[in-house]
Colleague: 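Starting off with a structure, shown below.
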Amino acid sequence: QVQLVESGGGLVQAGGSLRLSCAASGRIFSSYAMGWFRQAPGKEREFLAAIIRGGGSTRYADSVKGRFTISRDNTRNMGYLQMNSLKPEDTAVYYCNAKGRPTWGQGTQVTVSS
C-alpha cells in the first residue's frame, strides 16, 4: 500500500494561512485519487477535499469551499492543501489519504487562535 506522511501544521491567528503537505511512498501515488480530512477531539473525522488521480478535477466540503485548495504533484509524489482565511473552527488534526486505503497516519495539528 501507499505510505503517507502529513506535515505543515502549526499555530496561526484567525485569517492566516497554512500549506499542508502529504508525502507519499510505496505504491505509485499517481494511481490513486487522494483527499484531505480533519478530526477534532470528540468529533468524527470529516471530509474536506478530494482530487482525482491526474489532478484535473477537485471537490470540496461546503465548510472550506473558496478558502482551501487541494493540489498534487505526481512527479514528486506529493499532495498539498493550501488553507487561507483560517477560522478557529478549523482547529483539528488534518489527515491525507488515498482512495481505498484503509488506514490513517498521525496527521498534522492545525490550531487557529481567535
Side-chain angles (χ1 to χ4, degrees):
Q1 64 176 291
V2 63
Q3 290 80 49
L4 303 171
V5 179
E6 303 92 342
S7 63
L11 174 64
V12 298
Q13 293 185 340
S17 298
L18 284 173
R19 184 178 178 87
L20 306 184
S21 297
C22 177
S25 62
R27 299 286 296 273
I28 300 174
F29 184 56
S30 61
S31 297
Y32 300 88
M34 64 87 62
W36 286 92
F37 307 77
R38 69 186 179 192
Q39 186 170 28
K43 299 181 179 180
E44 68 179 20
R45 186 180 294 109
E46 66 172 314
F47 164 80
L48 298 177
I51 187 167
I52 63 171
R53 290 169 292 179
S57 182
T58 59
R59 64 184 178 94
Y60 299 90
D62 288 342
S63 61
V64 304
K65 193 174 299 181
R67 299 189 298 123
F68 292 9
T69 302
I70 187 172
S71 62
R72 67 192 300 165
D73 184 348
N74 288 338
T75 66
R76 299 183 183 275
N77 292 331
M78 295 289 293
Y80 304 97
L81 185 69
Q82 178 67 45
M83 306 186 296
N84 299 326
S85 301
L86 284 163
K87 306 173 181 179
E89 51 262 46
D90 294 320
T91 296
V93 177
Y94 284 68
Y95 303 87
C96 65
N97 215 337
K99 186 175 179 64
R101 186 172 181 266
T103 59
W104 301 86
Q106 294 296 311
T108 185
Q109 176 72 48
V110 172
T111 303
V112 185
S113 62
S114 300

Colleague: So, Thr108 side chain and Tyr94 main chain: donor-acceptor pair closer than 3.5 Å or not?
Modeller: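 Checked: no pair found.
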
Colleague: Tell me, do Leu20 and Glu6 make a side-chain contact under 4.5 Å, heavy atoms counted?
Modeller: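 No, side chains not in contact.
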
Colleague: If I compare all heavy atoms of Val93 with all of Gly107, which pair ends up nearest, and what's the gap?
Modeller: CG1-CA, 3.8 Å

Colleague: Does Tyr60 belong to the same Ile/Leu/Val/Met/Phe/Trp/Tyr cluster as Leu86, with side-chain heavy atoms less than 4.5 Å apart forming each link?
Modeller: yes

Colleague: Answer yes or no on whether Arg59 is positioned over the face of Phe47, meaning its NZ or CZ is under 6.0 Å from the six-membered ring centre and within 45° of the axis.
Modeller: yes

Colleague: With rounding to the nearest 0.5 angstrom, report the NZ to CG distance, Lys65 to Leu48.
Modeller: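 Interatomic distance, Lys65 NZ to Leu48 CG, rounded to 0.5 Å: 12.5 Å.
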
Colleague: Counting C-beta onward and ignoring hydrogens, is there a side-chain heavy-atom pair between Val12 and Thr111 closer than 4.5 Å?
Modeller: no

Colleague: Mind checking the CE-CD1 spacing from Met83 to Ile70? Nearest 0.5 Å is all I need.
Modeller: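 Reported value, rounded in 0.5 Å steps: 12.0 Å.
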
Colleague: Applying a strict under-4.5 Å side-chain criterion to I, L, V, M, F, W and Y, I'd like to know whether Leu81 and Val112 cluster together.
Modeller: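 They do share one cluster, since a chain of ILVMFWY contacts under 4.5 Å joins Leu81 to Val112.
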
Colleague: Could you please spell out the steps behind the side-chain contact (heavy atoms from CB on, under 4.5 Å) verdict for Arg72 and Met34?
Modeller: CA-CA 9 Å; Arg72 67 192 300 165; Met34 64 87 62; 3.7 Å; yes

Colleague: Tell me if the CZ atom of Arg53 is crowded by more than 12 foreign heavy atoms within 6.0 Å.
Modeller: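 No, because the 6.0 Å sphere around CZ of Arg53 holds 12 heavy atoms or fewer from other groups.
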
Colleague: For the pair Lys87 and Asp90, find out whether any cationic side-chain nitrogen is under 4.0 Å from an anionic carboxylate oxygen.
Modeller: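 Asp90 and Lys87: not salt-bridged.
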
Colleague: Please evaluate residues Leu18 and Val110 with respect to the criterion side-chain contact (heavy atoms from CB on, under 4.5 Å), reporting the C-alpha separation (whole Å), side-chain torsions for both, the decisive distance (0.1 Å), and the verdict.
Modeller: CA-CA 9 Å; Leu18 284 173; Val110 172; 3.9 Å; yes

Colleague: Between Ala40 and Ala92, which heavy-atom pair has the shortest distance, and what is it?
Modeller: N-CB, 4.0 Å

Colleague: Please report whether the ring centroid of Trp36 lies less than 6.0 Å from that of Phe68.
Modeller: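 For Phe68 and Trp36, the ring centres are not under 6.0 Å apart.
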
Colleague: How long is the straight-line distance from OG of Ser113 back to CD of Gln13, given to the nearest 0.5 Å?
Modeller: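 Between Gln13 CD and Ser113 OG, I get 5.0 Å after rounding to 0.5 Å.
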
Colleague: Would you say the side-chain atoms of Arg76 pair up with the backbone N or O of Met78, donor to acceptor, closer than 3.5 Å?
Modeller: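 Pair absent, no side-chain N/O of Arg76 close to backbone of Met78.
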
Colleague: Can you measure from CG (Leu4) to OH (Tyr32) and round to the nearest 0.5 angstrom?
Modeller: 9.5 Å

Colleague: Is it true that atom CD of Glu46 has more than 12 heavy atoms of other residues, nucleotides or ligands lying nearer than 6.0 Å?
Modeller: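 Correct, the count exceeds 12.
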
Colleague: Between CZ of Arg45 and OH of Tyr95, what distance do you get to the nearest 0.5 Å?
Modeller: 6.0 Å

Colleague: More than 12 heavy atoms of other residues, nucleotides or ligands under 6.0 Å from CD of Glu89: is that the case?
Modeller: yes

Colleague: Are the side chains of Val64 and Arg38 in contact, using a 4.5 Å heavy-atom criterion?
Modeller: yes

Colleague: Indicate the atoms forming the closest heavy-atom contact of Ser85 with Arg67, along with that distance.
Modeller: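 The answer is O-NH1, 3.0 Å.
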
Colleague: Could you check whether any side-chain N or O of Asn97 sits under 3.5 Å from a backbone N or O of Thr103, counting only pairs where one atom can act as donor and the other as acceptor?
Modeller: yes

Colleague: Would you compute the distance between atom OG of Ser71 and atom CZ of Arg19 and round it to the nearest 0.5 angstrom?
Modeller: 5.0 Å

Colleague: For the residue pair Ala24 and Val2, what are the closest heavy atoms and their distance?
Modeller: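 The answer is CB-CG2, 3.9 Å.
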
